[in-house]
2 protein chains.
Amino acid sequence: MTLSRPTHREVLWQTEDAFERGDMITLFGRCTVEYDGRAASTLGLGNRLVILKPDGAALVHTDEKRTPVNWQPPGSEHHAAVRDGQFRIRSERTTPAETLDVRFEAVHQFSALSVTGGRDLDLQGSEEDLRQHILDDPELVESGFLPLATERETSAGPIDIYGEDDEGVAVAVELKRRRVGPSAAGQLQRYVAALREEFGDGATVRGILVAPSVTDRAAALLDQHGLEFVALDPTTGRPPEKSEE
Amino acid sequence: MTLSRPTHREVLWQTEDAFERGDMITLFGRCTVEYDGRAASTLGLGNRLVILKPDGAALVHTDEKRTPVNWQPPGSEHHAAVRDGQFRIRSERTTPAETLDVRFEAVHQFSALSVTGGRDLDLQGSEEDLRQHILDDPELVESGFLPLATERETSAGPIDIYGEDDEGVAVAVELKRRRVGPSAAGQLQRYVAALREEFGDGATVRGILVAPSVTDRAAALLDQHGLEFVALDPTTGRPPEKSEE
DNA sequence: ACTTACATTTCGCAC
DNA sequence: GTGCGAAGTGTAAGT
């Protein structure tokens, strides 16, 4: 259902009907946007595409970027009204308290869309896949590596794969699906430190970062703390080609 | 410009015209989606909203979530074609090499939208704002704090605010606009360790994390490393109310 | 509701 | 182009 150059009243009726039906709404028109919540923002007049989803999500898109210029996450409540010659959408949520106000000077187009069909994506190449590759063939990490647990808890957080090397020394393995920087090195360092603390009096714990590649600075940080790096690609589960490193 | 229940041919012509004009395109219809690049995914048949932006961004939205189910970032190249009774969009980019394929069994609606007007958001409450509050009034961190530099480089990365306390001891201040977890504590720890390394032989360096609040685990990590915490709200630049902590 | 970490994160900025 | 960290990050899983 689409309206071209509708009156504000028409948009209001159709919006309420669409909410009722659980349709997704798209509005294109000249509007301002105000947001207040975790931060606060204002956006001056311009033509934008506004999307209202039946799950409570709201998106305001300009002609640039993948990220909406303003939005409201799912679970928000949308309300529509006509006031002061404007068609207005107010979207509110709690925890945290946030409001999004879109005020249309003119709505160029209104659509109510019945969105049906699958929304479950079949995705490959995640960190989870990389973990499965390693559990299927622990030698990928190193000869004699024995995985003992996944998501093994420490005081600093959960270790992706916890195990032992061929000499029975504890090993913390941290997985990343893409090239890693300093933060991943720091993360592994936290886990290894937590294990050493847990085991007490100078226990030996090794830390291995598994990822397609590392930046220089991350490599230096790993080095500083005696941590190791193993190059593996998340999709193939094999060492990446040199061109991919 | 909008077409309802157009033929694939009509959509193709209008799509090419819209690309030419630099319009934003919205398509609603029954389609499958395939993605291959940093990861890979497939999405079965269903009604979705597809948005093609003139900057090369592509978005595929279902009726749920704020995040598109599939997408392509700005800078991609969109191509349209009719083949095997389908209207197809292929969006490609390089570095990294990624392709997005949307195949429409039926296009229920096509729109070409001329998106004009401001897209610059005026946003308040960022980490940058918090920094300005502190530079305007360093006492917010602690009595006698003297900022000497922002983005001060270390071997582990840049320190948000570098300065000295009232006794001339070096202080690294890390800012966060929201409640912090273990990673922020680790980040500050990296910077402080880098400064100690840089200054050599047991030099004293203090680290202060400034944020609205901390999680328990993060507080424990700070404690472990002798790091400190100061509670400040990024918007007001003042200690947050108890209810906000 | 809160914590924790992943994400095809995206985005901006500096080198 | 790569590196690095912020973001109103969003999202899922566990507690």
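Here the structure is a predicted model, which means the values were calculated and not measured. A note on names: the letters A, B, ... follow the listed sequences, proteins ahead of strands, and every chain is numbered from 1. Below, all heavy atoms of this structure are taken into account, side chains as well, without hydrogens, waters or symmetry copies.
Computed from coordinates, the Asp36(A) CG to dG8(D) C1' distance equals 10 Å when rounded to whole Å. As a whole-Å value, the separation of Glu127(A) CD from dT8(C) P is 11 Å. One can place CD of Gln124(A) at 18 Å from C1' of dC6(C), the figure rounded to the nearest angstrom. Atom CZ of Arg119(B) and atom C1' of dC11(C) are 15 Å apart (whole Å). At whole-Å resolution of the value, CG in Leu123(B) and P in dA6(D) are 16 Å apart. Rounded to a whole Å, the CG atom of Asp160(A) is 14 Å from the C1' atom of dA7(C). The interatomic distance linking Arg131(B) (CZ) with dA6(D) (C1') rounds to 11 Å, in whole Å. Computed from coordinates, the Gln72(B) CD to dT10(C) C1' distance equals 13 Å when rounded to whole Å.
Side-chain proximity of Arg177(B) to dT2(D), dA7(D), dC2(C): nearest is dA7(D).
Counting distance only, with no hydrogens placed and no angle test, the side-chain atoms of Glu174(B) and the base atoms of dG5(D) include no donor-acceptor pair under 3.5 Å. In this model, a side-chain donor or acceptor of Asn70(A) finds a partner on the base of dG8(D) within 3.5 Å.
When all heavy atoms of Gly37(B) and Glu98(B) are compared, the pair lying nearest together is CA-CG, 3.5 Å.
Between Pro158(B) and Leu121(B), the residue whose closest nucleotide on DNA chain D is further toward the 5' end is Pro158(B). Nearest-nucleotide positions on DNA chain C place Val214(B) closer to the 5' end than the other of Val214(B) and Leu175(A). In terms of position along DNA chain D, the nucleotide closest to Ala218(A) lies nearer the 5' end than the nucleotide closest to the other residue of the pair Ala40(A) and Ala218(A).
Looking at Lys65(A), its side chain never comes within 3.5 Å of a backbone N or O of Asp55(B) through a donor-acceptor pair. The main-chain N or O of Gly125(A) is found under 3.5 Å from a side-chain atom of Arg177(A) such that the two form a donor-acceptor pair.
The shortest distance between side-chain heavy atoms of Leu195(A) and Tyr162(A) falls below 4.5 Å. With contacts defined as side-chain heavy-atom distances shorter than 4.5 Å, the pair Leu209(A)/Glu174(A) qualifies. Considering only heavy atoms from C-beta on, Glu151(A) comes within 4.5 Å of Arg131(A) through its side chain.
Note on Ser126(B): only backbone sugar-phosphate atoms sit closer than 4.0 angstrom, heavy atoms only; bases stay farther off. As judged by a 4.0 angstrom heavy-atom cut-off over every strand, Ile159(B) is placed among residues making no nucleic acid contact. Pro96(A) comes within 4.0 angstrom of nothing in the nucleic acid, heavy atoms only. Heavy atoms of Gly157(A) sit under 4.0 angstrom from primed sugar atoms or phosphate atoms, though from no base atom. Using a 4.0 Å heavy-atom distance criterion, Ala156(A) is classed as a sugar-phosphate-only contact. Looking at heavy-atom distances under 4.0 Å, Arg190(A) makes contact with sugar-phosphate atoms alone, never a base.
Between Thr95(A) and dA1(C), a side-chain N or O to OP1/OP2 separation shorter than 4.0 Å is present. Listed pair Tyr191(B) / dG5(D) meets the phosphate criterion, a side-chain N or O lying under 4.0 Å from OP1 or OP2. Distances shown here put every side-chain N or O of Arg217(A) at or beyond 4.0 Å from the OP1 or OP2 atom of dC15(C). Distances shorter than 4.0 Å separate some side-chain N or O of Thr215(B) from OP1 or OP2 on dT4(C). The shortest distance between the side-chain N/O atoms of Gln187(B) and the OP1/OP2 oxygens of dA6(D) is below 4.0 Å. Here Tyr35(A) does not reach the OP1 or OP2 of dA7(D): none of its side-chain N or O atoms lies under 4.0 Å away.
At a cut-off of 3.5 Å, with distance as the only test, a side-chain donor of Arg179(A) or Ser213(A) sits close to an acceptor on the other residue. Between the side chains of Thr99(B) and Asp36(B), no donor-acceptor pair is found at a separation under 3.5 Å.
Going from the P atom of dT8(C) to that of dC4(D) covers 22 Å, rounded to whole Å. Taking the C1' atom of each, dA7(C) and dG5(D) are spaced 16 Å apart, rounded to whole Å. dC11(C) and dT11(D) are spaced 15 Å apart, taking the P atom of each and rounding to whole Å.
The base-pairing partner of dG8(D), taking Watson-Crick or G-U wobble contacts with both distances under 3.5 Å, does not exist among the strands shown.
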For each nucleotide in nucleotides 10-15 of chain D, reading 5' to 3', give B when a protein heavy atom comes within less than 4.0 Å of its base, S when such contact involves only the sugar-phosphate, and - otherwise.
SSS---
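A distance of 3.5 Å separates CG in Leu43(A) from CZ in Arg48(A), rounded to the nearest 0.5 Å.
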